[in-house]
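What follows is a single structure, written as structure tokens, with notes after it.
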Amino acid sequence: MTKKRTTRPSLVLLDADVIIDLHGFGVWDEILSKYKIFISSIILRQEVYFHEDEVGHKHPIDLTKDVDKKFKELSVTADELREFAERFDPVLKAEIHQGEKEALCVVSANEELHFCTCDHAPAVALGVLGFGDRGISFEMLLKGAGITKTLLPKHTEETFQRYLKEGSIMRIQGRGTSI
């Protein structure tokens, strides 16, 4: 089972959905001031373009100008990414986006990083890999920064813990992984 964290992690790797939602909530800069933020190269350069406001207007997100100023970019080689992705069975591998695979690969090699995602598949993958303690929910990310917002179910700690538990069960059953 995944143990609950009692302290706020300081090093956080963000998934694309989290970056987009932080911009949508208008708390991006606040999060940057409270945590040391990391973004995988694939997420940074291929998966984050805009966020939509409450009436559906699209607002561009340009993160490239802030690399090494407000956050750090992390990457792995194509060979490392391919080898890492081979750890998962075909079903789970197909559900995890390339940027999420890169982020998971980085987190698997760095015990100090905590991956924040609202997506089902990468959170389940954390559990399958036995890295549930290296994940953080959107809700806990906000709480750790002293931010209170009305959240969707995908943002909650409860949902995140359910996904991690699902992955942990899959790990015990020998599912989700090809190793």
Side-chain angles (χ1 to χ4, degrees), residues 2 9 11-25 28 31 35 37-52 58-64 66-67 71-110 113-142 151-157 159-171 175-179:
T2 303
L11 309 177
V12 182
L13 181 64
L14 302 178
D15 196 357
D17 60 340
V18 172
I19 295 166
I20 292 165
D21 290 350
L22 289 171
H23 279 83
F25 279 128
W28 175 247
I31 290 296
Y35 296 93
I37 297 296
F38 298 85
I39 303 173
S40 85
S41 292
I42 295 170
I43 289 171
L44 174 67
R45 300 183 185 282
Q46 298 176 24
E47 295 182 4
V48 177
Y49 299 109
F50 64 89
H51 72 90
E52 285 188 36
K58 293 181 180 179
H59 301 272
I61 299 173
D62 179 14
L63 298 174
T64 57
D66 292 327
V67 174
F71 61 85
K72 297 286 183 193
E73 177 180 5
L74 298 175
S75 63
V76 299
T77 67
D79 288 340
E80 289 170 325
L81 186 59
R82 187 177 54 256
E83 276 181 37
F84 180 79
E86 291 304 317
R87 292 174 146 185
F88 301 109
D89 70 16
V91 174
L92 187 55
K93 183 169 40 174
E95 292 178 8
I96 305 170
H97 301 169
Q98 283 298 99
E100 293 165 342
K101 287 174 189 162
E102 183 177 46
L104 288 165
C105 183
V106 168
V107 166
S108 74
N110 186 332
L113 275 176
H114 292 81
F115 184 45
C116 185
T117 184
C118 300
D119 285 343
H120 176 259
V124 167
L126 282 169
V128 166
L129 295 168
F131 297 149
D133 60 335
R134 296 188 202 175
I136 180 172
S137 69
F138 188 88
E139 178 179 19
M140 295 310 288
L141 182 77
L142 293 182
L151 302 175
L152 297 172
K154 72 175 188 168
H155 295 128
T156 67
E157 176 70 8
T159 298
F160 189 73
Q161 289 300 321
R162 189 173 69 246
Y163 293 162
L164 292 177
K165 183 177 180 181
E166 181 182 338
S168 295
I169 291 168
M170 289 172 64
R171 179 181 175 87
R175 298 183 304 123
T177 182
S178 65
I179 308 173

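For the atom pair L44 CG and L74 CG, the distance stands at 10.5 Å (nearest 0.5 Å). Interatomic distance, CZ of F71 versus CD1 of I19, reported as 7.5 Å (0.5 Å rounding). With values rounded to the nearest 0.5 angstrom, H114 atom NE2 is found 6.5 Å from D133 atom CG. The structure places SG of C116 at 11.0 Å from CE of M140, a figure rounded to the nearest 0.5 Å. Atom CD1 of I39 sits about 10.0 Å away from atom CZ of R45, to the nearest 0.5 Å. Rounded to the nearest 0.5 Å, atoms OH (Y163) and OG1 (T117) are 9.0 Å apart.
L92 approaches A121 most closely through the heavy-atom pair CD1-O, 4.0 Å. Of all heavy-atom pairs spanning G99 and S40, the tightest one is O-OG, 3.5 Å. Listed here is the closest heavy atom pair of G132 and L164: O-CD1, 3.7 Å. The two atoms that bring P122 and D15 nearest to each other are CG-OD2, 4.1 Å, heavy atoms only. Across L126 and G135, no two heavy atoms sit closer than the pair CD1-CA, 3.8 Å. S137 approaches E157 most closely through the heavy-atom pair OG-OE1, 2.6 Å.
Scored by the ring-ring contact (aromatic ring centres under 6.0 Å, His included) test, F25 finds F138, H155 as partners (sequence neighbours excluded). Applying the salt bridge (charged side-chain N to carboxylate O under 4.0 Å, His left out) test to D62 and every residue at least two apart in sequence or in another chain returns nothing. Residues passing the side-chain contact (heavy atoms from CB on, under 4.5 Å) test with I169 are K165, Q173, sequence neighbours excluded. Applying the salt bridge (charged side-chain N to carboxylate O under 4.0 Å, His left out) test to D119 and every residue at least two apart in sequence or in another chain returns nothing. Shown here are the side-chain contact (heavy atoms from CB on, under 4.5 Å) partners of I20, two or more places apart in sequence or in another chain: V48, H51, I61. With sequence neighbours left out, T159 forms a side chain to side chain donor-acceptor pair (under 3.5 Å) with T156. When the ring-ring contact (aromatic ring centres under 6.0 Å, His included) test is applied to F115, no partner is found at least two apart in sequence or on another chain. The side chain to side chain donor-acceptor pair (under 3.5 Å) check on R162 picks up nothing, with sequence neighbours excluded. With sequence neighbours left out, the side-chain contact (heavy atoms from CB on, under 4.5 Å) criterion links F50 to E52, K58. Not counting sequence neighbours, S75 has no partner by the side chain to side chain donor-acceptor pair (under 3.5 Å) test. Partners of E80 by side chain to side chain donor-acceptor pair (under 3.5 Å), not counting sequence neighbours, listed by chain and number: T77.
Each of M170, E166, R87 was compared with V128 under the side-chain contact (heavy atoms from CB on, under 4.5 Å) criterion, and only M170 meets it.
No salt bridge links K154 with D17; every basic N to acidic carboxylate O contact stays at or beyond 4.0 Å.
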- prompt: What's the verdict on side-chain contact (heavy atoms from CB on, under 4.5 Å) for L81 and I42, showing C-alpha distance, side-chain angles and the deciding distance?
  reply: CA-CA 11 Å; L81 186 59; I42 295 170; 3.8 Å; yes
message: Show, in sequence, the C-alpha distance, side-chain angles and deciding distance for V18 and C118, and conclude whether the side-chain contact (heavy atoms from CB on, under 4.5 Å) test is met.
response: CA-CA 7 Å; V18 172; C118 300; 4.0 Å; yes
task: Check the pair W28, L63 against side-chain contact (heavy atoms from CB on, under 4.5 Å), reporting the backbone distance first and the verdict last.
output: CA-CA 11 Å; W28 175 247; L63 298 174; 3.7 Å; yes
field: side-chain contact (heavy atoms from CB on, under 4.5 Å) assessment of L14 paired with L22
entry: CA-CA 10 Å; L14 302 178; L22 289 171; 4.1 Å; yes
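Residues H97 and E47 are in side-chain contact: their nearest non-hydrogen atoms beyond the backbone lie under 4.5 Å apart.
Judged as a salt bridge (charged side-chain N to carboxylate O under 4.0 Å, His left out), the pairs with a partner in residues 90-109 (not counting sequence neighbours) are, in order, E86-K93.
Using a distance-only test at 3.5 Å, with no hydrogens or angles considered, a donor-acceptor pair links the side chain of R171 to the main chain of L129.
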